[in-house]
Protein chains: 2
Amino acid sequence: MGVTEISRKERLIAIATDLFKANGYAGTSMRDLAAAVGIEAGSLYSHVRSKEEILQAICFGMANKFMRHLDQVLARKDCPCTEKLHAAITGHVAIITADINATSVFWNEWKYMQEPWLTDFSKMQIEYEAKFRSVLEAGIKTGEFCLADPVFTTSAILSSLNGLQKWRTYSMPPEDLGQAFANLFIKGIKT
Amino acid sequence: MGVTEISRKERLIAIATDLFKANGYAGTSMRDLAAAVGIEAGSLYSHVRSKEEILQAICFGMANKFMRHLDQVLARKDCPCTEKLHAAITGHVAIITADINATSVFWNEWKYMQEPWLTDFSKMQIEYEAKFRSVLEAGIKTGEFCLADPVFTTSAILSSLNGLQKWRTYSMPPEDLGQAFANLFIKGIKT
DNA sequence: CCTACCGATCGGTAGG
DNA sequence: CCTACCGATCGGTAGG
C-alpha cells in the first residue's frame with residue numbers, strides 16, 4: 001500500500017512537472033493534469049490536497065537537491081577554492097540536467113506558491129547564493145581569484161547555469177556542460 | 001486624437017507589463033488589468049483587440065530593441081572583435097536595465113503567444129543568437145578569443161545577461177552592470 | 001477512483 | 001468608456 005501510494009503520487013508530480021514547464025503553473029488546469037494522468041479531475045484530490053501542494057513538492061525538492069550538494073562541497077577539507085568552485089558548478093549543472101523540467105518549474109513558477117512557503121523558498125535561495133558566494137570570497141583571500149564584486153559574480157554565474165532550462169539545444173552531451181561552464185567562469189575570475 | 005489614442009494604449013501596455021511580470025501572463029486577468037488601469041474590463045477592448053495583442057506588443061517590442069542594437073554593433077568597420085563583443089554585451093544589458101519588467105515578460109511569457117507569432121518570435125531569438133555568436137567566431141579567427149564551442153559560450157553569456165530580470169538586488173548601479181558582465185566574459189574567453 | 005456538482009472567474013461581445 | 005451579459009472553464013468537494 002505505502003509503496004503504491006507513494007509511487008502514484010510521484011508519477012502524478014512527474015507528469016505535473018512536464019505540464020507546468022510547458023504551459024506554466026497558472027496555465028495548467030487540474031483537468032489538464034487529470035487527462036494527462038488518465039483519471040478524472042476530482043480523483044486527483046485523493047492524491048494531493050491542492051494544486052499548490054504539487055508546486056511545493058517540485059520547488060522544494062529541487063531546492064533541497066541543490067543545497068545538499070553545495071553543503072557537501074563546502075565541507076571538503078584541504079581543498080583549493082578553485083576545486084571547490086569547479087565542483088559547485090559541475091554539481092549544480094548535473095542536478096539541472098538530471099531534470100530540466102523540474103528545474104524550469106523551480107526557477108520560473110515558484111512565485112505562485114503562497115505564504116509561508118514563499119518566504120521559506122526565498123530564504124533558501126538567498127542562503128544558497130550566500131554559500132556559493134563564500135567560495136568566491138575565500139578564493140580571493142587565498143589569491144586564487146581576482147574579482148571586484150563577489151555578489152555580482154555569484155549572480156552572473158548562477159544566472160548562466162540556471163538559464164540552461166531554457167536552452168533549445170545542446171552543442172555537447174549534457175554531462176559535458178558542467179565542465180564547460182566551470183572552464184568559462186574559472187578562467188573569467190582566475191588571477 | 002491620434003496622440004491620445006497611442007499614449008493611452010502605451011500606458012495600458014506599460015501597466016500590463018508590470019502585472020505580467022508580477023503574476024505571469026496566464027495569472028493576470030483582463031479584470032486585474034482593468035482595475036489597475038482604472039476602467040471596466042469591457043472597456044479594455046476599445047484599446048486592444050485581445051489579451052494576447054498586449055503580450056505580442058511587449059515581446060516583439062523588446063526583441064526589436066535587442067536586434068536593432070546588435071545590428072548596429074555588427075555594422076562597425078575596422079573594429080576589433082573584443083570591442084564588438086564588449087559593445088554587444090553592454091548594449092544588451094542597457095536594454096534590459098532600461099525596462100526590467102518588459103524583459104521579464106519577453107523572456108518568460110513569450111510562449112503564451114499563438115501562431116504565427118510564436119514561430120516568428122522563435123526565429124528572431126535564433127537569429128539574434130546566431131548574430132551574437134558570429135562575433136565570437138570572428139574573434140577566434142583573428143586570434144583574439146580562445147574558446148572551444150561558440151554555440152555553448154553564446155548561450156552561456158546570453159543566459160547570464162537575461163537572468164538579470166530575476167535578480168533581487170544589484171550590488172552596483174545598473175549602468176555599471178554591462179561593464180561588469182563584459183569584463184567577466186571577455187576575460188573568460190580571451191587568448 | 002468516478003459522478004455530479006458548487007460558486008467564482010475567465011476572455012470577450014453587444015449595444016449604448 | 002460603461003452596463004450587462006455570453007459560454008467556457010476554473011479549483012475544489014460530497015457522496016459513493
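A note on names: the letters A, B, ... follow the listed sequences, proteins ahead of strands, and every chain is numbered from 1. Predicted model, so just to flag it, every value in this text is computed and none were measured. Below, each value reflects all heavy atoms present in this structure, side chains not excepted, and no hydrogens, waters or symmetry copies.
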| Can we say Lys65(A) and Asp99(A) salt-bridge, meaning some charged N sits less than 4.0 Å from an Asp/Glu carboxylate O? | no
| said: Looking at Glu53(B) and Val48(B), would you say the former's side chain and the latter's main chain have a donor-acceptor pair under 3.5 Å? | reply: no
| task | Would you mind reading off the distance between Glu40(B) atom CD and dC2(D) atom C1', rounded to a whole angstrom? | result | 7 Å
| task | Output the distance between atom OG1 (Thr103(A)) and atom NZ (Lys21(A)), rounded to the nearest 0.5 Å. | result | 8.5 Å
Would you tabulate the nitrogen or oxygen pairs shorter than 3.5 Å linking the protein to nucleotides 11-15 of chain D?
from: dG11(D); atom 1: OP1; to: Thr28(A); atom 2: O; distance (Å): 3.4
from: dG11(D); atom 1: OP1; to: Lys51(A); atom 2: NZ; distance (Å): 2.9
from: dG11(D); atom 1: OP2; to: Met30(A); atom 2: N; distance (Å): 2.7
from: dG11(D); atom 1: N7; to: Arg31(A); atom 2: NH1; distance (Å): 2.7
from: dG11(D); atom 1: O6; to: Arg31(A); atom 2: NH2; distance (Å): 2.9
from: dG12(D); atom 1: OP2; to: Tyr45(A); atom 2: OH; distance (Å): 3.0
from: dG12(D); atom 1: OP2; to: Lys51(A); atom 2: N; distance (Å): 2.8
from: dG12(D); atom 1: O6; to: Arg31(A); atom 2: NH2; distance (Å): 3.3

| said: Please check: side-chain N/O of Tyr128(A) versus main-chain N/O of Lys123(A), any donor-acceptor pairing under 3.5 Å? | reply: no
| To the nearest Å, how far apart are Asn23(B) CG and dC10(C) P? | 11 Å
| query | Just how far, in rounded Å, is P of dC1(D) from CG of Leu33(B)? | reply | 12 Å
| task | Kindly express the pairing pattern of DNA chain D in dot-bracket notation, using | wherever a base pairs with another strand and counting only Watson-Crick or G-U pairs under 3.5 Å. | result | ||||||||||||||||
| Quick check: does any side chain N or O of Asp120(B) sit under 3.5 Å from a backbone N or O of Trp117(B), one acting as donor and the other as acceptor? | no
| task | Anything under 30° is parallel, anything over 60° is perpendicular, the rest tilted; go ahead and classify Phe121(B) against Phe60(B). | result | perpendicular
| Taking atom P of dC10(C) as reference, at what distance in whole Å does atom OH of Tyr112(B) sit? | 16 Å
| said: Under a 3.5 Å distance rule, please check whether Ser160(A) uses its side chain to pair with a backbone N or O of Ile157(A) as donor and acceptor. | reply: no
| message | Less than 6.0 angstrom separating the ring centers of Phe152(A) and Tyr170(B), yes or no? | response | no
